[in-house]
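Structure record follows, encoded as structure tokens.
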Amino acid sequence: TTASETRKEQASTLKLSAPDKAPTPGERPALTDKKPEKPLKIAIIAIENNPFFAQVRTGYDAVKPKIEALGGKVDWINAGTEVNVDNVGRAINAAVVDGYDAIASLMPGDGICSYIRQATGQGVLVAAYNGDTTCAKESGAVFFHGQDLRGVGEDAAKLMCEATKGVASKDKPGKVGVETESFAFQALEERRLGFLDSLKKNCPWVTPVGDGVEYQGSTDRVASATRDFLTSTPNLVGVYVTGGNPHVAARTVASAGKAKAVKVIGFDLTKENVEQIKAGNLYGAIDQDPYGQSYDSITWLYNALITGEAPSPDYFVPTKALVGTADNIASLASGK
Amino acid sequence: MTQRWSLRSAFGHVEVALVLVIVIVAAVVAVQVPSFLSTANLINLLLAMVTIGIVALGQGFVIMAGELDLSVAATIAFTAACAAALMRDGVPVWFAVIAAIAIGSLIGLVNAAIVLGTGVNSFIVTLGTLSVVQGLTLMVTGGLPIATPLALSDIGADTRVAGIPFPVIVFVVLAIIAQLVLVFTVFGRRVLAVGDNAEAARLAGLPVIGTKLAVFAIAGGLAGVAGILRAASLGTAESSAGTADLLPVIAAVVVGGASLVGGRGSMIGVFLGAVLLGMVQNAYIILKLSSWLQLATFGAVVVAAGVFDQARQGRIGWINTLRDRRALSRSSNAAAVSAGTSK
Amino acid sequence: MTQRWSLRSAFGHVEVALVLVIVIVAAVVAVQVPSFLSTANLINLLLAMVTIGIVALGQGFVIMAGELDLSVAATIAFTAACAAALMRDGVPVWFAVIAAIAIGSLIGLVNAAIVLGTGVNSFIVTLGTLSVVQGLTLMVTGGLPIATPLALSDIGADTRVAGIPFPVIVFVVLAIIAQLVLVFTVFGRRVLAVGDNAEAARLAGLPVIGTKLAVFAIAGGLAGVAGILRAASLGTAESSAGTADLLPVIAAVVVGGASLVGGRGSMIGVFLGAVLLGMVQNAYIILKLSSWLQLATFGAVVVAAGVFDQARQGRIGWINTLRDRRALSRSSNAAAVSAGTSK
Amino acid sequence: MTTERRLALGVASLGKTFGAVTALSDVTLEVEAGSVLALLGENGAGKSTFISLVSGAVTPSSGTIEISGEPARLNSPHDAARLGIQVVHQEPKLTNEGSIAENIFLADYAGGTGLQLVSLRRRVQRAETLLSKLGLADGLPPVTTSVHRLSAAQRQLVAIAKAMATEARVLFLDEPNSSLTPRETTQLWNLVRALRDSGVAVIVVSHRLSELYQVVDRVAVLRDGRLVATGTAAEIPIPRAVELMAGRQSAPVKRAERPARGDVVLQMEGVHTRSVHGVDLTVHAGEVVGLAGLVGAGRTEIGLAACGGEPVLAGRVSIDGRERRFRSPRAALRAGVVMTSEERRRAVFASHDVTFNIAGSSLERLSRLGVLSRGRERGLAGDWVRRLALRGSPGSPILSLSGGNQQKALLARALAVKPRLVILDEPTHGIDVNTKAEISALVGRLAAEGLAVIFISSEVEELLGVADRVAVVRDGRIVQEASGTDGIGLVAAALGETLTPRTEPSDRSGLPS
Ligand SMILES: Nc1ncnc2c1ncn2[C@@H]1O[C@H](COP(=O)(O)OP(=O)(O)OP(=O)(O)O)[C@@H](O)[C@H]1O
Ligand SMILES: Nc1ncnc2c1ncn2[C@@H]1O[C@H](COP(=O)(O)OP(=O)(O)OP(=O)(O)O)[C@@H](O)[C@H]1O
Ligand SMILES: [Mg+2]
Ligand SMILES: [Mg+2]
């Protein structure tokens, strides 16, 4: 059989009944108390080498004992050290071979959907988390739990507009430096492009410096690009960081004595980012509920395996996009 | 001496040594997780190394000819992006496939032309073109993936012949062809001669320039093949697929026993090198190793393969000396005894 | 002929060629954006290259001695993480700094010991240890950055001496020391001799093993220095297992004119190579280049620096041949005339 | 002999400059088919350059070349090969990893698309056939052996076989016998005669004039890149040729008077290495001990064992009466023992200048607290350049020197450390007659000052000229020692060969066919 035929046959393999309403973001979903009839195991595919995934790991650590108390089994599979299609795809394949009944997988890019298709084709229940949403659904994933990347890019732009109210206006246009981890990484491009679009819509007087620059995972280059923006752009009012380490940009702005004039916005409420928000160096960071990305996804997968019920009538179950700024950071941080 | 020779003929080829390492690793893993040796997993393992493996075959030719091509890592994504863009614009699939391979070869030819025309070390030239090709990929894709048409997936991983995914078949066939070319054709011998001693090759009238152009073109073309197969399997051409492949590709070639200064190597070795690396990556997922152990294990296997190869060739000087000394003292004891009697 | 010679003596050194390339790039950028040449921007530019530059000095010694050390890219993060962990546990700052450098050197020594003890190519060995050290970093940090105490930032980017950030001063001083060591000391000579022809150096009574141990130790130690300075500037030791620094470090050395096969190079060249790379990265922010042009420009400058160096040395074969041939046809016309008369 | 004069090669006003150096200028020369021409000249006279130009490896700066009466434009060695020009280069140009057979037939890979198939078995057969036809098979291991396992002499044999593998009209031999022993040289000359009689023009470069004159018909002498004389071998006998090469009358080199030998410096007792089996050897201060032997006999290995270059597996090595276990040549250097390599390319620092190469072993002496005194370094190099009449300035890149002058720089490196014992492995390899005499004299003088010398050479005559004692090595053992002027017979006998009496240049007899 050729692949085009198989692909057409898809989507019919999994039959779940959908509940009437979507779960409320933010609240932790309830785990069904039913025990599995036969041994059952669930895998979450992730990586483990950065602060964001450390938070994802805490959600996993919390849900694992609960499910194991019921007689299920949950495993964390390290896909490697870098989130890319090859690594994650390899891990999905390995999990299928290893006989997992359900897999929660990272979404490093559209390419991963072919692996998901393979897995669902073999009757494995797959959920997608963290990353892109578009093609996984057609590939048979039961739900996607994560950020609406373009949406949060737009949110970040709105936040930037608000942050720069005091320093830029129609009459006094300002510039924002964009730093992206990679121009070629899909999720980050969504965040970057969403930001640029929305900036144009919401406060056209704040414009980006070129397309932005790429820092390829190097903190040195976050720092140096920030310094370069500061020196080369007199009317710089903001810095937007799409990937990891916005706290480095915040710190660099602060040590240049420009924390008042230049607002730094990024993603994720990691320890370092929270500190910089508290210090007033990072204006805000948009969180994507990393705890829930694992906790919720695994819970829903278990429920689906036991009850045959999907978490939501919709495929896309967004995480709560918490925006952490100086105003609410104390309560947010203590709420964790 | 005889003992050393018999040992050498047993482990006479890098291929045999690698097969041994592979068997050992496989046995160790299979004891922990029996499903490691299931057909499905073995197929996964090969499938995971198709891209790296095919590109490594091309890199193998380049390295054996005494050069290095870092840019292939970017060519994989670029050719796939070009083909996907062409198909999106209505060009027939077969034509786009040929175009991808041709574009890859063209990049190879440009690399070779710069290297040969200016005498700049190929490491520097291709370090530069690596970046340029990455830039071109962004220009074509705008940073976002381009979906490929359904028809292309007929050459993707989901198409199986006798249960084996099509890309794996392509990889194996290409490895065999590459090995035959290297060993049995004039071109293959030229590659090794040019890589070994370009001056000697030139003086013997071998087409040094032509050979170097060819190896770079082959490397680029094979990167195109890899790019297309990857896009076909994934249903999309990624624009990122970048420098993550850089080191594994070179690692496969050198673990496969090729000399980094050129003149020596085997394509079956490259194939086995890729399989070994793929296997280790697969194993640590199956064994659920923690991140740090994954990295440490991977590194250790690379070093171990290198050491094993040296030991096999009897090239570890101090081991040889120790052995020789022991052998001699044994025989001279015997001699002393006989000398004692004769005196 | 004389003209070529005068040209050569003018561009007699790779340093001069690089300075020229740097001046040209700077001029081109400054014409568009005058602030490019502001003190603040020039300091930014140097500061951005401190990590890469310092590590490149160490890599320079290794490359000139005929080896390669890929693992330094991971040692930067590892040493910083170890130092940060020590400081977190209450160890005094100065001690942690020394420990970081010592740990870096130790990793270098381990690399050298494997290379020398087994004869495995240093590319393979350090490809392996690169991965192992990345693993160890994760083991130490658990993937989380470790904050460094405020006291450490006294040697960070925010501390300025005469307006110049402390790390930049360290970088410049180290580059000068490295150049002096290379040119004026016995050790420097040994490095170049060993890298040129290790077998000859051995028979000539040079301490080949000692020299190679030393260059790897220096490279590791300087990676430690770079790691500490980075942590001091960022206020935190990153655990990222990335290899983002790998290629730039090697690029700085080879753009700086060192021969990849060893035996030839200059530390001022390495310094200028790093400056050139940093300048290009800085320039495209200043010039607001689009994403794909950023990559393409970077690549083009790397290739151009290589070509410039070759041209300076009069090593571009076909240019020489053209010139020779033109000279020949002129003189053989003359000869034909005289031959014609003599017949 | 032949009635019609057929020109195989003609050059007119040929010249070549490298940068500021004029290597060859205004050479006009004709070589007949079916003749053997000796191309003579001191080191750096331009012999190799001449060959490079005529064989298409280097583009001339001026002049014209005719092959078989046709003007030829040689853009590559391939062009030259197509016109029937074959070269045995001074440094064998071989691929290291390739087998002997593959190297011999390397040129088979020259033409075509590259998609033709190669037959490994046929290549091996052809190589074996060719080698036994040429009589070179004895000196070489199986033809499937990789070249990197061969000694310098064996590589030279392969290079000769390689040149003979194709039908040549003009054959250049650039120092083909420089590491060959008399037996192999005789074999080679037989080959040359056979080729000459089949109408090939052979041009031979060699500094071993007495060997060379056994085979040549005509002689051409180069000096400083210019052709200074041509004539038959009878017209230019050896002494005249030597004079022409030097441009002056050369005083016969007298053997320096040496005081009685001093204390024992080196004592080897029952030394074993990989290929040395129980060697006893004593060298006194002020004594020159020669090591003679056939290719692969183990002379180099004995030297290496004495200087820490090869691990000693058993036995004792003592210096000045103290037992030493040198772990490396460095340790030996500290004890005053140095060795020069028989192979130039394994000994030069190729990307550096003459000064760097000469000072290589003396760095510690030229420095204080690890800081090198460049002034003293230059002084040292300048001294030795003068003492050895090295043609080239201390600042010139070593590779721009002619082969012989590179050899001098290497000699200087070893002697500059003021050793107690120096082991010279083929030190006059590729060195011209006058310089060779100078080197012999220098070695004599140094010995007279108390230096102990081991002198390894494949030229028996030279050995007997310089050595007080000659030890003959066979299969890793010392089988005979001889001294005095009548030693030559003994040594020759021990080597298992009769030294051919010097044949007259016009002698054409004794061709095996
Ligand atoms: N590539 C080069 N660059 C600069 N100078 C060169 C080069 N090749 C040769 N020369 C110079 O040309 C001159 C002739 O050298 P050549 O090698 O022809 O001498 P030769 O007669 O073969 O000497 P020998 O007997 O030592 O081999 C020498 O002065 C040498 O230094
Ligand atoms: N690297 C090596 N590998 C294998 N065999 C070797 C190696 N080096 C030397 N041999 C062998 O050791 C023996 C002694 O070699 P050695 O070089 O000492 O001889 P030699 O008398 O100096 O002769 P030559 O004229 O070839 O220099 C030879 O049989 C040679 O083939
Ligand atoms: Mg010569
Ligand atoms: Mg020898």
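Letters A, B, ... mirror the listed sequences (proteins, then strands); counts begin at 1.
Inter-residue side-chain proximity for P207(B) and H78(D) is flagged as unmet; no heavy-atom pair is nearer than 4.5 Å. Between P77(D) and R202(B), the closest side-chain pair of non-hydrogen atoms falls below 4.5 Å.
For T113(D), the part lying under 4.5 angstrom from a heavy atom of chain B is the backbone only. When heavy atoms are compared at a cutoff of 4.5 Å, E310(D) does not approach chain B at all. Interface residue H89(D): only side-chain heavy atoms are found under 4.5 Å from chain B.
In summary, of the residues considered (L192(B), V191(B), V194(B), L206(B)), a side chain to side chain contact (heavy atoms under 4.5 Å, CB included) with Y109(D) occurs for L206(B) alone. The side chain to side chain contact (heavy atoms under 4.5 Å, CB included) with D196(B) is formed by just one residue from the set L94(D), V147(D), N96(D); it is N96(D).
Options A81(D), G270(D), P311(D) differ in how many heavy-atom pairs under 4.5 Å they form with chain B, and the most are formed by P311(D). Chain D forms the most heavy-atom pairs under 4.5 Å with one residue out of R264(B), E199(B), R190(B), and that residue is R190(B). Ranked by heavy-atom pairs under 4.5 Å with chain D, the list A198(B), A214(B), A204(B) is led by A204(B).
The local environment of CG in D280(D) is crowded, with over 12 non-hydrogen atoms from other residues, nucleotides or ligands closer than 6.0 Å. More than 12 heavy atoms of other residues, nucleotides or ligands shown are found within 6.0 angstrom of CG on L120(D). E323(D) CD: more than 12 foreign heavy atoms inside a 6.0 Å radius.
With values rounded to the nearest 0.5 angstrom, Q116(D) atom CD is found 8.0 Å from T185(B) atom OG1. A distance of 12.5 Å separates CG in D108(D) from CZ in R189(B), rounded to the nearest 0.5 Å.
Panel note: side chain R325(B), backbone V312(D); a donor-acceptor pair is recorded below 3.5 Å.
Annotation for N197(B) and T95(D): closest pair CB-CA, 4.2 Å, computed over non-hydrogen atoms.
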Tell me, with the steps shown, if L115(D) and V186(B) meet side chain to side chain contact (heavy atoms under 4.5 Å, CB included). CA-CA 6 Å; L115(D) 294 178; V186(B) 167; over 6 Å; no

